[in-house]
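Quick notes on the structure that follows.
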Amino acid sequence: MLLAGFAAQRVIDYAASTPLKARFGLEIEVTIEPQRAGTGGAVWYARDRLDDQFFLLNGDPWFDINLLDLAGRLIGEPSATGAIAVKPLPDASRYGVVEIENGRLTRFRDRPERSGSGLVSAGVYVFRRSMTNGKRSDRPTGVSS
């Protein structure tokens, strides 16, 4: 499933014409959020179509990550709602910074004012569908684009 908001028609056109569908036997569904609400909003609008556990990948960053390892972290921690891939950068000043204590995400911080090293979100997550339970105003923060 592809979640679309910005440039939704381009995403629809790609999903309809990509040769990857035939190559890998994929069925690609595009869900369009009715009004732009960031990544968290797109997930919220697609919540009834999600599997019990699902990957969420931002469309812009790409890097090599072991998705099975990331999923294993969620499976191995039954009380966790999700797991996030982070990437250490020597200069994280262009990005928001992720703070982790004892293996748990504790905070997303805005871009630092000065250059310096830090952990940034790699735009790759695995979540439990239960993350979308509750009212829309209760949806998780820290999952926005």
Side-chain angles (χ1 to χ4, degrees), residues 1-15 18 20-21 23-24 26-145:
M1 177 187 313
L2 301 176
L3 306 177
F6 175 76
Q9 190 57 52
R10 290 178 59 192
V11 175
I12 292 167
D13 293 346
Y14 172 79
T18 180
L20 296 175
K21 286 172 48 173
R23 182 175 175 192
F24 295 106
L26 300 175
E27 292 182 30
I28 302 175
E29 176 183 351
V30 179
T31 300
I32 302 170
E33 59 182 328
Q35 56 189 109
R36 291 184 64 187
T39 305
V43 171
W44 172 260
Y45 289 117
R47 70 191 179 280
D48 295 332
R49 315 275 308 150
L50 300 172
D51 289 339
D52 288 338
Q53 296 174 6
F54 64 94
F55 285 101
L56 178 65
L57 292 80
N58 291 356
D60 47 353
W62 291 93
F63 78 102
D64 191 17
I65 179 170
N66 184 329
L67 294 174
L68 290 176
D69 180 59
L70 186 63
R73 291 174 185 264
L74 181 65
I75 292 167
E77 189 66 46
S79 65
T81 302
I84 178 174
V86 296
K87 182 173 180 76
L89 292 180
D91 182 4
S93 62
R94 292 183 46 213
Y95 307 94
V97 177
V98 176
E99 293 182 4
I100 296 177
E101 292 180 20
N102 300 319
R104 295 198 179 272
L105 186 142
T106 57
R107 183 175 170 203
F108 279 100
R109 280 191 297 129
D110 289 333
R111 295 177 182 174
E113 292 181 18
R114 292 183 238 136
S115 63
S117 64
L119 292 174
V120 301
S121 168
V124 180
Y125 315 84
V126 60
F127 288 112
R128 296 186 198 283
R129 185 170 177 255
S130 62
M131 171 193 73
T132 65
N133 292 347
K135 297 178 285 191
R136 182 163 180 254
S137 60
D138 295 334
R139 73 173 185 253
T141 58
V143 189
S144 62
S145 55

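The structure presented is a predicted model; accordingly, all values stated were derived computationally and were not measured. Residue numbers start at 1 and run along the sequence shown.
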Distance-only, no hydrogens or angles: does the [X] side chain make a donor-acceptor pair with backbone N or O of [Y] under 3.5 Å?
X	Y	value
N102	R104	no
R47	W44	yes
T106	E99	yes
D51	Q53	no

I want to check something: taking the side chain as every heavy atom from C-beta on, are [X] and [Y] in contact at a cut-off of under 4.5 Å?
X	Y	result
M131	F54	yes
F108	V98	yes
I32	I12	yes

Identify the two heavy atoms, one from [X] and one from [Y], that lie closest to each other, and give their separation to 0.1 Å.
X	Y	answer
L2	A15	CD1-CB, 4.2 Å
L70	A83	CD1-CB, 3.8 Å
A85	I65	CB-CD1, 3.0 Å
G123	Y125	C-CE1, 3.7 Å
F127	G82	CD2-CA, 3.7 Å
S115	S93	CA-CB, 3.8 Å

Self-check item: R94 vs L89, side-chain contact (heavy atoms from CB on, under 4.5 Å): CA-CA, chis, key distance, verdict
Solution: CA-CA 10 Å; R94 292 183 46 213; L89 292 180; over 6 Å; no

Practice problem: Mind checking side-chain contact (heavy atoms from CB on, under 4.5 Å) for A42 and listing every partner two or more places apart, or none if nothing turns up? | Solution: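 Partners of A42 by the side-chain contact (heavy atoms from CB on, under 4.5 Å) criterion, ordered by chain and then number, come out as L3, E33.
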
Practice problem: Kindly state each residue pair satisfying salt bridge (charged side-chain N to carboxylate O under 4.0 Å, His left out) with at least one member in residues 111-130, sequence neighbours excluded. | Solution: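 Salt bridge (charged side-chain N to carboxylate O under 4.0 Å, His left out) check on residues 111-130 returns D48-R129.
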
Practice problem: Return each pair, listed once, that meets salt bridge (charged side-chain N to carboxylate O under 4.0 Å, His left out) where at least one residue sits in residues 65-76; pairs must be two or more places apart or across chains. | Solution: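 Passing the test, one end in residues 65-76: D69-R73.
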
Report the distance from atom [atom1] of [X] to atom [atom2] of [Y], rounding to the nearest 0.5 Å.
X	Y	atom1	atom2	result
Y45	T31	OH	OG1	13.0 Å
E29	R49	CD	CZ	4.0 Å
I100	I84	CD1	CD1	7.0 Å
T132	L50	OG1	CG	6.0 Å

Practice problem: Kindly determine whether N66 and L68 satisfy side-chain contact (heavy atoms from CB on, under 4.5 Å), including the steps that lead there. | Solution: CA-CA 5 Å; N66 184 329; L68 290 176; 3.4 Å; yes

Quiz item: Could you go step by step and tell me if L20 and Y14 meet the side-chain contact (heavy atoms from CB on, under 4.5 Å) rule?
Solution: CA-CA 10 Å; L20 296 175; Y14 172 79; 3.5 Å; yes

Quiz prompt | Verdict with reasoning, L67 to V124, per side-chain contact (heavy atoms from CB on, under 4.5 Å) | solution = CA-CA 9 Å; L67 294 174; V124 180; 3.7 Å; yes

